[in-house]
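First comes the structure, then the notes that go with it.
Please read all numbers here as calculations on a predicted model, not as lab measurements. Lettering of chains follows the sequences in order, A, B, ..., and the numbering in each one begins at 1.
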Amino acid sequence: MSENPSTNSLFPIQGEQFPKSEKLCNVRIINQLFAIRKSEFVYPFKIVYLREQKEIASKPPQILISVSKRNFKKAVTRNRIKRQIREIYRKNRKDIFTEQTFVPHYLAIIFIAKKQESFGFMEDRLCKVLRRISQKS
RNA sequence: AAGACAGUCUGGCUUAUCGCCUUUGUUUUUUCGAAUGUUUUUUUGGAGAAAUAAGGGAGGAAAGUCCGAGCAGUACAGAGCAUUGUACUUCCUAACGGGAAGGAGUUGAGUUAGGAAUGACUCAAUUACAGAUAGUGUCGCAGAAAAUAACCGCCUUAUUUCCAAGAAAUUAGGGUAAGGGUGAAAAGGUAGGGUAAGAGCCUACCAGUAAUUGAAGUAAUUCGAUUAGCUGGAUAAACCUUACGAACUGAAAGACCAAAUAGGUCAGCACUUGAGGGUGACUCGUCCGAUGCUGGCGGGUAGGUCGUUUGAGGUAGUCGGUGACGGCUAUCCCAGAUAAAUGAUAAGCACUUUUCAAUCUAACUUUGAGUAACCAUUGAAAAGCACAGAACUCGGCUUAUAGGACUGUCUUUUUA
RNA sequence: GCACCAUUCGUCUAGGGGUUAGGACGCCGCCCUUUCACGGCGGUAACACGGGUUCAAAUCCCGUAUGGUGUA
């Protein structure tokens, strides 16, 4: 479609922007997402995803990030983990989701671990899970 | 100078790459309305999106949700009961259970008076600090007795036994708080008089209570005087009494806009003799025109704006006040998110600790010099760099907190 | 966000100013039995933490920590 093969039509202009339309806020869709429960797991991430049938994804997926209050009591550490996960997703999604791969409509990234992990470790593992989802058909 | 304790203030910095939220300006674009106009338009206003430029973007506790207010809705004549909170005095404050200054009590240290008990003064810490003589309740164990004290003891009267009298003993009664190994607490303390034995029964001194009253102080209270009965345990963070206060619910409060009650089905009513709708304040007129209205069942929607960040506001100066704090003047606008923004990564600097090396020397071995601790300086490496994230907004309190700065008190050492 | 409750042996609990802090299940030892189980006897082990009131606190009051509940 596009002349330049490096550009991705899902994330056309500035590939590393993260506007509000890519965040999942609707309560009904969240309930639907967790009712269906299609998921992948690689420590320390569990990913729940949903793709509506008969539709080809033309928009980038909406995501939500969840860190349990039970495992991390303090708001400061929860906020930091969520920010790190958001940065990893923002930097790497362009390479993972393209027109040729499987693109879900909605994603929930859940952090399962009981202690904080290093940024490099989390980046490696999160890319691995997202690639596994993108290989599906 | 070091350490401990208490209080006040502060709570890292820089660069690069990629981002998030918000305010304002410009450009492009979508949509809605108004005017002009009628193939194509132009002007203007509102709302949304994108790009770009500039500005701003967590705290001293944002935390706990322990108090007090603003604000909003509901209720409400007034007063009382019930429930519940507070409690030395004066002041500060919008208000407070907060704060300031003062008073009193308790504890500790020092000085001093004294034979001692103890008193006086100074300093520090601390106190939910009204009432126990309005009433009710409770006070385990021990102890005679735990709050209307008589078990033992002491004294005495009557009776009986022995009997010259007295003494002793038995039984019944009376008086008596001086004595009785307890206990957290034992019915004012000491001395003298007094008595059958005793007792504030009386007297002196001391402690305390009540009433009247003088002086100082705004007051709490302090220093005194007179009289009285002589004395009345503790507990109100037991019930309670007195005084003062509290209506209830919380921004998920509340206000507005948009969307929605379509189609279906059941029952009733009206109707081509014109139902109903548009235009219009209404009627007439005119246009559309066959189903319309009411109720039930069932079905369906759940988003946005305001509230919301200009406020008992901040900063600086100055004046008043012992102080909390207040007045005046100047100046500034300083987060506003909504399943949760204020960041992520990398590098460097600063700070702290540890280790190593070098310099410096006390000292030692010895007389060529060598080995060289502590402190300090320089360099390198490693580790650490607190507590913690706004959710309508303020005033406090409480709790957490690496490192740094300042002030006060106490202790130790050195010098004079 | 707001409102509220609880914390006692390893577990579930009683006790609401004066007890040796009681009970059940568990664990340990002994007896019973050829052995195990059942049963009997005995033992072990607890008032979340820090202050205060009181002669005396698991209990009353204040603060902290932890866990939980309700609320659209």
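- Pairing partner, B:A391: none, since no Watson-Crick or wobble contact has both distances short of 3.5 Å.
- In B:G73 the base sits anti relative to the sugar, since the glycosidic angle is further than 90° from 0.
- Applying the 90° criterion around 0 to the glycosidic angle, B:A158 comes out anti.
- Under the Watson-Crick or G-U wobble criterion, with both distances below 3.5 Å, B:A330 is paired with B:U315.
- Base orientation of B:G60: syn (glycosidic angle within 90° of 0).
- Summarising the base pairing, B:G232 is matched to no nucleotide, lacking a Watson-Crick or G-U wobble pair whose two defining distances lie under 3.5 Å.
- By the 4.5 Å heavy-atom criterion applied to side chains, A:Tyr89 and A:Leu130 are counted as neighbours.
- For B:G73, the paired base is B:C248 (Watson-Crick or G-U wobble, both distances below 3.5 Å).
- The gap from the C1' atom of B:A187 to that of B:A149 amounts to 9 Å, rounded to the nearest Å.
- Under the 4.5 Å side-chain heavy-atom criterion for ILVMFWY residues, a single connected hydrophobic cluster contains both A:Ile112 and A:Val48.
- Evaluation of the side-chain contact (heavy atoms from CB on, under 4.5 Å) rule for A:Asp124 yields no partner, not counting sequence neighbours.
- Classified by its glycosidic torsion, B:C334 falls in the syn category, the angle being within 90° of 0.
- The stretch residues 123-131 of chain A has no heavy atom under 4.0 Å from RNA chain B, so no residue of it qualifies as close.
- Computed from coordinates, the A:Lys74 NZ to B:A61 C1' distance equals 14 Å when rounded to whole Å.
- Between chain A and RNA chain C, the heavy-atom contact criterion of under 4.0 Å yields a 5' to 3' nucleotide range of C:G67 to C:G68.
- Between the SG atom in A:Cys127 and the CG atom in A:Asn92 there is a gap of 3.5 Å [rounded to 0.5 Å].
- Distance check, rounded to the nearest 0.5 Å: CZ of A:Phe119 to CD1 of A:Ile88 gives 4.5 Å.
- Comparing C:A65 with C:C30, their P atoms are spaced 49 Å from each other, to the whole Å.
- Distance check on atom P: B:A1 versus B:A120 gives 42 Å, rounded to whole Å.
- A gap of 29 Å separates the C1' atoms of B:U15 and B:A337, to the nearest Å.
- Taking the P atom of each, B:U359 and B:C374 are spaced 15 Å apart, rounded to whole Å.
- Base pairing annotation: B:U409 forms a Watson-Crick or G-U wobble pair with B:A4, both donor-acceptor distances under 3.5 Å.
- Going from atom CD1 of A:Ile63 over to atom CZ of A:Arg90 covers 11.5 Å, rounded to the nearest 0.5 Å.
- The P atoms of B:G245 and B:A238 are separated by 27 Å, rounded to the nearest whole Å.
- To the nearest 0.5 Å, atoms CE (A:Met122) and CD1 (A:Ile81) are separated by 6.5 Å.
- Along RNA chain B, the nucleotide closest to A:Ile65 and the one closest to A:Thr77 are compared, and the more 5′ of them pairs with A:Ile65.
- Rounded to whole Å, the separation between the C1' atoms of B:A128 and B:C81 comes to 28 Å.
- A distance of 15.0 Å separates CZ of A:Arg93 from OG of A:Ser134, quoted to the nearest 0.5 Å.
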Worksheet item: Does the side chain to side chain contact (heavy atoms under 4.5 Å, CB included) test come out yes or no for A:Ile110 and A:Ile47, once each step is laid out?
Response: CA-CA 6 Å; A:Ile110 302 162; A:Ile47 309 264; over 6 Å; no
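- Considering only residues two or more places apart in sequence or on other chains, A:Lys91 meets the side-chain contact (heavy atoms from CB on, under 4.5 Å) condition with A:Glu87.
- With sequence neighbours excluded, the residues that form a side-chain hydrogen bond (donor to acceptor under 3.5 Å, both in side chains) with A:Glu117 are A:Tyr43.
- Taking 90° from 0 as the syn/anti boundary, the base of C:G16 is oriented syn.
- For B:A82 and B:C240, the P atoms lie 10 Å apart once the distance is rounded to whole Å.
- Pair assignment for B:G384 gives B:C351, based on Watson-Crick or G-U wobble hydrogen-bonding distances that are each under 3.5 Å.
- The distance from atom CG of A:Asn79 to atom C1' of B:U338 is 14 Å, rounded to the nearest whole Å.
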Fill in: Contact pattern, 5' to 3', of nucleotides 343-348 of chain B - B, S or - by protein heavy atom under 4.0 Å
BSS---
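- Of the candidate nucleotides B:A388, B:A390, B:A58, B:A390 has the atom nearest to the side chain of A:Ala75.
- Rounded to whole Å, atom P of B:A388 lies 13 Å from atom CZ of A:Arg78.
- The pairing partner recorded for C:A21 is none, the criterion being a Watson-Crick or G-U wobble arrangement whose two distances lie under 3.5 angstrom.
- Side-chain contact between A:Ile85 and A:Phe45: present, with at least one pair of heavy atoms (C-beta onward) separated by less than 4.5 Å.
- Across all strands shown, B:G135 pairs with B:C239; the Watson-Crick or G-U wobble distances both stay below 3.5 Å.
- A distance of 10.5 Å separates CG of A:Leu126 from CZ of A:Phe111, quoted to the nearest 0.5 Å.
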